[in-house]
Trainee: 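Have a look at this one.
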Amino acid sequence: MHAPADPAPLPGDRRHPGWIAWALLAPMVFWLAAFVVVPAAILLVYSFCERDEVGGVVFRFTLENYQRVFDPVYLRIFARSIGYAALTTAICVVVGYPVAYTIARASEVWRHRLLLLVMVPFWTSFLIRTYAWITILKQEGLLNGFLQAMHAGGGPFNLLYTPAAVVIGLVYAYLPFMILPIYGSAEKLDNSLIEAAYDLGAGPVRAFSAVIVPLTMPGIAAGTLLVFVPAIGMFAITDLMGGAKVPMIGNVIQNQFLQARNWPFGAALGVVFMLMFVVTYGLLQRRGARLAG
Amino acid sequence: MIEIRGVTKRFGSFTAVDNLSLSVRAGEFLTLLGPSGCGKTTLLRLLAGFEMPDEGVILLDGQDVSHLPPYRRSVNQVFQSYALFPHLSVRDNVGFGLRMQNVPAPEAAARVAEALEMVSLREQADRLPHQLSGGQRQRVALARAIVCRPKVLLLDEPLSALDAKLRHNMQLELKHLQRRLGLTFVFVTHDQEEALTMSDRIAIIHRGRIEQLGAAGEIYHRPRTPFAADFIGQANLLQVAVVGRNGTTARVRVGGGLELTVASAELPAGARTALVSIRPEKICISKQRLDTENLFEATIEEEIFQGATDQLRLVTTQGTRLHALVANESAMQEAFHEGDRVYCGLHLDDLVIVQAE
């Protein structure tokens, strides 16, 4: 065989955007500058400032805030937040993957119907949905009522205001953010690749682990990012369903700004939190780039 | 090698494969040829195990595999779109099947190297599929299937994505490889030229059934049904009335009055009408009278230049229209032009009866 070795076309022969492109991008650039760059800059500046007795920010340089961030008390809270977020992410992957994969493989009509079902919760306010969970989980709530009606021994169980309730709440809130990106990559998966795996002797399990998972990895990575990072910072669910008994980093930051009125310290926590996000994102991107070749 | 017995496959109310029987011999290159939607791909998928038959059995080497999943059958397929794993290098793609079959790593590595050598891709072993050209991907797909040493290799229109020239090269390479390795190939295509070039035998599939099965030359020269005559190559199909028999020959008349002599062996006794197929290149055209059973005069209505050949549209003095193909020969030979009156000769064997009532 002596066909010439055609090199693959080089990607990205892209020109610089012209003025029309910039004009079209302007609203987004403005939005990002006003609501992301500027606030982040303010946060960064505040985090190096001192605070006066009444909670005002005094513009005098100090590293004290950052020293406090690395106090074991806060490190433990960081660690706990990461632990809860990691557990939430893991459950979302395990629960969300089969759902996303099934939707992606369904007929077109069913695909649209099922996707709609995934998105239905977004039609109601997030807080209202969280309160709904409270009525389900509380001592005289739906779940306990159901268990008692079924004469399941023990009960009523103390479900609300436990770590389990927090994880339930987090999984519930973030599951769609895991399902949608995995759906996105599973939907693009060429069925003949799965057939090729079977054809070459891979049973269902090995076809899944050797072909399907690697090829949907970009979706899993995106879903992980969309679930893990916000879950670390979530404070409403931990407040409402955890009974504020186990503070997360989000609760602490919220407290520093709204109750303790220590903005510089809150800002320092926020900056560290953002850095964690950037590092996680960077790692996932590197992995994604490797997968994409 | 493969024995297909009375296999039927339905999708809803559509019968894709209809009570079809076929046996594939060891070491042969069998082509399933037919238009899209004729059931040829479904038949291949039944052999691969991607579909299960509703009725009938498929035997592979005497073993009933009708309901075995693809990963339990020692057949491998080359997919139309190649279906290379985009996240694996060429080497890992080719080695995938061996890994799944738990072939020990040193043996697998040696077999992968050998397969890559065979398709001249040793230097591309570490590339990813998207870094290869279409022809190279095709060869990876081939190596990936062959390295598993399947009893039968299934090929689903593997050349349809290549440009004409590369495609022609690959046809010859594939045929060469099949002969050298002594493999059994079942090849699906809708391209009759490809089928004629490569196959030992061709099965023409039409509406889920085998229309005709035979060697390439036999299929081309002696089509047995109007569909087979029309689908393979070009054919002038003429509706004729039988007007007389004379021992080994019979006289038939075309609508406008043109009378032709055919071999009567293929004309059942008592047949009154028939459909005669004439290949365009079999019509012998000359400005001089020809000494043959069938000689008639015609006018060239239109001449279409096709490179190596000229397509002529003829109309006989009786008004019968015919297509003829003449070689664009050297300047020493006669040239034909629109409006010329010519003699047309046809040998007895070149009139093939494809239907008679």
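Proteins come first, then strands; the chains are lettered A, B, ... in the order of their sequence lines, and each starts at number 1.
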Trainee: Any ion pair linking Arg45(B) and Glu195(A) (charged N to carboxylate O, less than 4.0 Å)?
Mentor: yes
Trainee: Check whether Leu88(B) gets within reach of chain A through its side chain, its backbone, both or neither, counting any heavy atom under 4.5 Å.
Mentor: neither
Trainee: Check whether Leu193(A) gets within reach of chain B through its side chain, its backbone, both or neither, counting any heavy atom under 4.5 Å.
Mentor: both
Trainee: Anything under 30° is parallel, anything over 60° is perpendicular, the rest tilted; go ahead and classify Tyr97(A) against Tyr101(A).
Mentor: parallel
Trainee: More than 12 heavy atoms of other residues, nucleotides or ligands under 6.0 Å from CZ of Arg113(A): is that the case?
Mentor: yes
Trainee: At a heavy-atom separation under 4.5 Å, does Ala210(A) approach chain B through its side chain, its backbone, both, or neither?
Mentor: both
Trainee: Tell me whether Glu123(B) at atom CD has more than 12 heavy atoms from other residues, nucleotides or ligands lying less than 6.0 Å away.
Mentor: no
Trainee: Under 4.5 Å heavy-atom distance to chain A, tell me which part of Phe79(B) shows up: side chain, backbone, both or neither.
Mentor: side chain
Trainee: Please flag which part of Asp190(A) lies under 4.5 Å from any non-hydrogen atom of chain B: side chain, backbone, both or neither.
Mentor: side chain
Trainee: When you compare the side chain of Arg149(B) with that of Arg111(B), does any pair of heavy atoms fall below 4.5 Å?
Mentor: yes
